[in-house]
Amino acid sequence: MKPSIINKISIIKCRLMVALIAGLLGGLRAAAAGNGLSGINEATSMVTSYFDPGV
């Protein structure tokens with residue numbers, strides 16, 4: 001029994017939706033990682049300047 005054209009289209013739409021969601025989540029995760037690194041660098045700079053003897 002062959003799958004109908006409608007079933008094939010539904011499978012393609014489902015795969016496309018999964019790929020789009022995975023791409024979106026990957027992009028959000030990368031953006032969040034970038035923001036986290038800048039925050040860590042800023043905090044390190046603040047702590048370093050606090051303890052810097054100013055020689």
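Please read these numbers as outputs of a predicted model, since none were measured by experiment. What you see below is based on every heavy atom in this structure, not just the backbone, and it leaves out hydrogens, waters and symmetry mates.
To the nearest 0.5 Å, atoms CD1 (Ile6) and CD1 (Ile11) are separated by 12.5 Å. Interatomic distance, CG of Asn41 versus OG1 of Thr48, reported as 10.5 Å (0.5 Å rounding). The line from CD1 of Ile21 to CG of Leu16 is 10.0 Å long, rounded to the nearest 0.5 Å.
The number of heavy atoms from other shown groups lying within 6.0 Å of CG (Leu28) is above 12.
Panel note: side chain Ser49, backbone Ser45; a donor-acceptor pair is recorded below 3.5 Å.
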